[in-house]
Structures are given as structure tokens and as C-alpha cells.
Amino acid sequence: MTNGTTQLTRLRTRMLATAYSNADFWVQRTAFLTDQAVAALARRDPTAAEALAASLMRAEPLHDTQILSAAVEAGIDTSSWEERREKIRTYARDAYELSPQTDPATEAKRIWASLYDNYPLIADALATFLRDMPPTWREDLFTTSPHSPAARRTASELPGPETAPYDPLDWKDCPACAEAQDQCRYHAGVFAGMEYQRDLITTALTDHAAIDQLQQRQAELEASASQTAAAETSAPTTA
């Protein structure tokens, strides 16, 4: 306890401030749910909640044994966790260490293997597409392309490592997020859309001018709908 403030209060202040201020959707959600879980525990067992808050406020590294022991206690199957973690770490490590001057043939093999592992049907369709290209494909694609040898870009202008295909429904295992050590373009777009929606809702609930405009527009729509309904009712019917 510091200056009369309990560890629980300090933790909840930090979690709620993070949920309110952080720009990352998943950080916001995790912080808020952590706060709600600790608050629920405090209502049932204040002493246990204070002890948990104190442990969370201590900046100590987590060890595998702690995490796995908690999972076993909860009856969670962890048999696939090691493989999943190694896959994510390997991909992130390979992507981070990928030189911008990497051999094109090597990079092509990496991209193909990644596509085949994640989306074999798309890989099959791509192979069919490439097989059916005309004999002049090289001249057609690269003679006037900025990728041609005559217009080859310098190393500083080359794009960064490509990201592997990902399952947009499973953000926890998204290789693109792991590679960027941040949100990938897809999840950043989802977050931007949610932020935009949240801003609209906040404005509609708190901005008096916006509220007046919305109410006026709603009244106009209702009046227009009433006039349309009245006109349809009064219109003569043909036999």
C-alpha cells in the first residue's frame, strides 16, 4: 500500500487508463477485461484480490512452468502450444532477419512454401494460372515494368519482407502481426474501422449539435415516409 492507496486501486487505475487511452484494440480489450475480472474477485474475496493486484503490479518475468501449471489446473490441453509458439517465433525470426537484398529465388521459395502451408487451394490455383500463361510472359510482364533490370530499384527502395497469408478470424496466430511485432495491415484496418465507428457513436451520444442534426434528420425521414405512405394510400387503384 502506498500513500493509503491499495494495490487493487493502483492496478484498476492503470488498467482502466490503458483501456481508455491505448490505440491498440486488443490491448484495450485485455486491460478492460483484466480490470473487470479483478473487480469481480474483489467483491467475493477482497484479500485475494489485493494479493493478486500486488502480484500483477510487480514487474517480474513469467516462466513457462507458471503458465503451464495454471493451464493444467484449469484443465486446458497444452499439447499443441509448444509447436504453435515455435512456429510463430521461427516465422518472426526469419522475417526479421530477412535481408532486403535477399536472393529472389530463395524468397520466391519461401513465399510459395508459406502460401502452400496456409492456403493450399490458392497455391494450386496460382500454379495453374502460371502454367497457362503465354510463352511471352517474361517480355509481357517485365520489359516495360519498373521491376525490369533497366529500372531495378536500389536496396533502400525495396519493400520490406512479405507477410505470410493469415486467418483473419484468428488474430492470435497471425504471422503478419508476429512479423511486424504490431498489427498487420488487415487487423490495423479492422481497428481503424472500429475506431471510426466508436467516434461516430461517441459524437452521436455527446455532441449536442450532432444530436440536434440527427434528430432533425430523423424527423425529416419520418415525415417523408409518412407522406409516401399517405400518397400510396390515396392513390386510385386500377381494377
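Since the model is a prediction, treat every value here as computed from it, not as a measurement.
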Could you report the tightest heavy-atom contact between [X] and [Y], atom names first, then the distance?
| X | Y | value |
| --- | --- | --- |
| A19 | A31 | N-CB, 4.0 Å |
| A42 | L8 | CB-CD2, 3.6 Å |
| Q28 | N22 | NE2-O, 3.1 Å |
| T6 | E50 | CB-OE1, 3.4 Å |

Single-linkage hydrophobic cluster, 4.5 Å side-chain cutoff, [X] and [Y] together:
| X | Y | answer |
| --- | --- | --- |
| W26 | L33 | no |
| L11 | L41 | yes |
| M15 | V27 | no |
| F25 | Y20 | no |

Any heavy-atom pair between the side chains of [Y] and [X] that's under 4.5 Å?
| X | Y | result |
| --- | --- | --- |
| L68 | W81 | yes |
| T128 | R131 | yes |
| W137 | L130 | no |
| Q36 | R12 | yes |

Calculate, to the nearest 0.5 Å, the distance between atoms [atom1] and [atom2] belonging to [X] and [Y] respectively.
| X | Y | atom1 | atom2 | value |
| --- | --- | --- | --- | --- |
| L52 | D45 | CG | CG | 10.5 Å |
| L126 | L121 | CG | CG | 12.5 Å |
| L56 | T34 | CG | OG1 | 7.5 Å |
| I122 | Y116 | CD1 | OH | 14.0 Å |
| D117 | W112 | CG | CH2 | 10.5 Å |
| D35 | T13 | CG | OG1 | 9.0 Å |

Is there a donor-acceptor contact under 3.5 Å from the side chain of T18 to the main chain of R14?
yes

Worked check of side-chain contact (heavy atoms from CB on, under 4.5 Å) between E83 and E86
CA-CA 5 Å; E83 180 182 357; E86 185 58 29; 5.9 Å; no

Please enumerate all residues that pass side chain to side chain donor-acceptor pair (under 3.5 Å) together with D64, with sequence neighbours excluded.
R85

Could you list the donor-acceptor pairs under 3.5 angstrom formed between side-chain atoms of residues 210-219 and any protein atom two or more places apart in sequence or on another chain?
residue : atom : partner : partner atom : Å
R217    : NH1  : E220    : OE1          : 3.4
Q218    : NE2  : E222    : OE2          : 3.2

